Number of protein chains: 2
Amino acid sequence: MKIVVIDDDKLVAISLKTILEATGRITVAAMGSSGAEAIRLYEAEKPDVMLMDIRMDGMTGLEAGEQILKASPDAKLLYLTTFSDDEYIVKALRMGAKGYILKQDFEGIAPALEAVMRGQSVFGETIISRLPEMMKQPETYDYAAHGISEKEREIMELVAEGLSNKEIAARLCLGEGTVRNYVSELLDKLSLRDRTQLAVYYYTEVKA
Amino acid sequence: MKIVVIDDDKLVAISLKTILEATGRITVAAMGSSGAEAIRLYEAEKPDVMLMDIRMDGMTGLEAGEQILKASPDAKLLYLTTFSDDEYIVKALRMGAKGYILKQDFEGIAPALEAVMRGQSVFGETIISRLPEMMKQPETYDYAAHGISEKEREIMELVAEGLSNKEIAARLCLGEGTVRNYVSELLDKLSLRDRTQLAVYYYTEVKA
DNA sequence: GCGCGGATATGACATTTGTCATGTCACAAA
DNA sequence: TTTGTGACATGACAAATGTCATATCCGCGC
């Protein structure tokens, strides 16, 4: 397997080369230390996988990756990071990177490269554990816990759609005053002041 | 590396054993064909990694996984699937599975196991490519396209926090009437009726 | 039967909200 | 200089909103 290593810390780059080549199954065809070099070396070597530091002086690994993927959409990019910067994870994923692992995890790098070459995606443990929070959690809101009745829930949803009391009354075949009472009751239970806060509450707490 | 294979298709299980043991680095300590067996065998063998089909008769691989993780939180579970069922991916991730790959990808399974044993997470290509959609898209809302000025944007955000006109005025050092004018202007531009609809708009269109 | 609580309703009331017309001020373009 | 033009403000007004006290009806437990 032919790879290219990009890291602006020469020492790290060399250590990586040593470790990886010691496996006998990996050849480091070239090394670079900047985003610009990454782009050039990818084109020149067309490695099976490119192992790249995500943060470097000048062009970041992500920007370089974007360029590379634009030219070679099936490029396999495996990012290295010192500590998992939440910010980058999502960007890298969206960009189409094949993985994102910790530099410290020397032993894990070779297997990760192999898995990536086989078309899989690899993520360090601390990284993947952050994904769940990033995805919509279906943590269903517990109406009962807040003493919200079924009817009140219904009213809340309609308020959260932007309907006026009159419209809600029409929709549910109730008197407008009744709807007001429900809204008032809800505001009281949830310690809110007005229907707008109720809508905000709905989007931030209930449906979040 | 010691693993346990769970698949309700005996043929698949045996094929896996053959392929994996051929690498010389993997030992299949036991095989099972149901969720219940998975739980029992995990306890009995304490394998480095457990390779498990995600859909089986009776208890699904996910349920079994939950039980196993409850008893052994650091268990490493690598799921196999025939075709990527979107539904399961998220659940598996949230549950704490270490990976999710396609059965068809025979060659990839061994490297995936190694990576998982090193503490990484592995996902088949078709799987990871679905993640981006599942995560919040940062499609930034184009204020300019709707003729929303900077100040108006600020007002909108405060309304969307549930503040009253008076509170917004205080926050921004403006007259209350001025704030009303801004709100009124916003409602006009966005064809809305009241501040509640503005908040709803904010959560559904701008910040969605 | 009696009383009680919940769902529904009404009316009165104060407040907030949205609209509009109008005014001031600064600053830039003509 | 004059003339916009945009940011900020005021006041008046009508409509919507939130609160509260109160009333009716209905079913349920005793």
Side-chain angles (χ1 to χ4, degrees), chain A residues 139-208, chain B residues 139-208:
Chain A
E139 253 183 59
T140 43
Y141 180 81
D142 189 352
Y143 289 97
H146 297 263
I148 308 291
S149 77
E150 170 57 18
K151 199 116 214 156
E152 286 166 343
R153 184 194 58 74
E154 208 174 351
I155 300 273
M156 171 155 57
E157 281 173 3
L158 294 175
V159 167
E161 279 180 34
L163 302 200
S164 69
N165 289 330
K166 198 182 304 237
E167 287 166 333
I168 294 174
R171 184 83 74 90
L172 301 184
C173 300
L174 293 178
E176 183 186 339
T178 308
V179 174
R180 289 190 191 182
N181 286 341
Y182 276 119
V183 172
S184 197
E185 189 62 22
L186 274 166
L187 296 180
D188 189 41
K189 283 181 182 171
L190 300 172
S191 305
L192 301 173
R193 175 163 27 91
D194 56 47
R195 67 200 301 100
T196 303
Q197 292 190 340
L198 182 56
V200 172
Y201 179 86
Y202 181 78
Y203 286 106
T204 55
E205 302 292 323
V206 181
K207 218 189 139 201
Chain B
E139 256 183 57
T140 43
Y141 180 81
D142 189 352
Y143 289 97
H146 297 263
I148 307 291
S149 77
E150 170 57 19
K151 199 115 211 156
E152 285 166 343
R153 183 193 58 73
E154 208 175 352
I155 300 274
M156 171 154 59
E157 280 172 4
L158 294 175
V159 167
E161 279 180 34
L163 302 201
S164 70
N165 289 329
K166 198 181 306 237
E167 287 166 333
I168 294 174
R171 184 82 74 91
L172 301 183
C173 299
L174 293 178
E176 183 185 339
T178 308
V179 174
R180 289 189 189 183
N181 287 340
Y182 277 118
V183 172
S184 197
E185 189 61 23
L186 274 166
L187 297 179
D188 188 42
K189 282 182 182 172
L190 300 172
S191 305
L192 301 173
R193 176 165 26 91
D194 54 47
R195 69 199 299 100
T196 304
Q197 292 191 340
L198 182 57
V200 172
Y201 179 86
Y202 181 78
Y203 287 106
T204 56
E205 302 292 323
V206 180
K207 218 189 139 200

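All values below were derived from every heavy atom in this structure, side-chain atoms included, with hydrogens, water molecules and symmetry-related copies excluded. Computed from a prediction, not measured in an experiment: that's the story for all the values here. Sequence lines set the chain letters: A, B, ... in the order given, protein chains first and strands last, and positions in each chain run from 1.
- Only at 4.0 angstrom or more do the heavy atoms of residues 188-201 of chain B sit from any atom of DNA chain D, so none qualifies.
- Looking at residues 180-187 of chain B, you'll see B:Arg180, B:Asn181, B:Val183, B:Ser184, B:Leu187 sit with a heavy atom under 4.0 Å from some atom of DNA chain C.
- In terms of the salt bridge (charged side-chain N to carboxylate O under 4.0 Å, His left out) criterion, residue partners of B:Glu167 (sequence neighbours excluded) are, by chain and number, A:Arg193.
- Every residue two or more places apart in sequence or in another chain that forms a side-chain contact (heavy atoms from CB on, under 4.5 Å) with B:Asp194 is listed here: B:Thr196, B:Gln197.
- Each salt bridge (Lys or Arg N to Asp or Glu O under 4.0 Å) pair with one or both residues in residues 175-184 of chain B, not counting sequence neighbours, appears once here: B:Glu176-B:Arg180.
- Under the rule for a salt bridge (charged side-chain N to carboxylate O under 4.0 Å, His left out), A:Lys151 has no partner lying at least two apart in sequence or in another chain.
- Although no hydrogens or angles enter the test, the distance criterion places no donor-acceptor pair under 3.5 Å between the side chain of B:Thr178 and the main chain of B:Leu174.
- Applying a 4.0 Å cut-off to non-hydrogen atoms, the residues of residues 149-171 of chain B that approach DNA chain D are B:Lys151, listed by residue number.
- Residue B:Leu186 holds its CG atom at 5.0 Å from CD of B:Glu152, rounded to the nearest 0.5 Å.
- Evaluation of the salt bridge (Lys or Arg N to Asp or Glu O under 4.0 Å) test over residues 157-166 of chain A, restricted to residues two or more places apart or in two chains, returns A:Arg153-A:Glu157.
- The closest donor-acceptor contact from the side chain of A:Tyr182 to the backbone of A:Met156 lies at 3.5 Å or more, if one exists at all.
- Put simply, the side chain of A:Thr204 reaches to within 4.5 Å of the side chain of B:Tyr203, judged on heavy atoms.
- For the pair B:Lys189 (side chain) and B:His146 (backbone), a donor-acceptor distance under 3.5 Å is absent.
- B:Gly175 comes within contact range of the sugar-phosphate backbone alone, with a heavy-atom separation under 4.0 Å but no base atom that close.
- Among residues two or more places apart in sequence or in another chain, the side-chain contact (heavy atoms from CB on, under 4.5 Å) test is passed with B:Ser184 by none.
- Read 5' to 3', the first and last nucleotides of DNA chain D with an atom closer than 4.0 Å to a heavy atom of chain B are D:dA7 to D:dA12.
- Put simply, the side chain of B:Arg195 gets close to the backbone of B:Leu163: a donor and an acceptor are under 3.5 Å apart.
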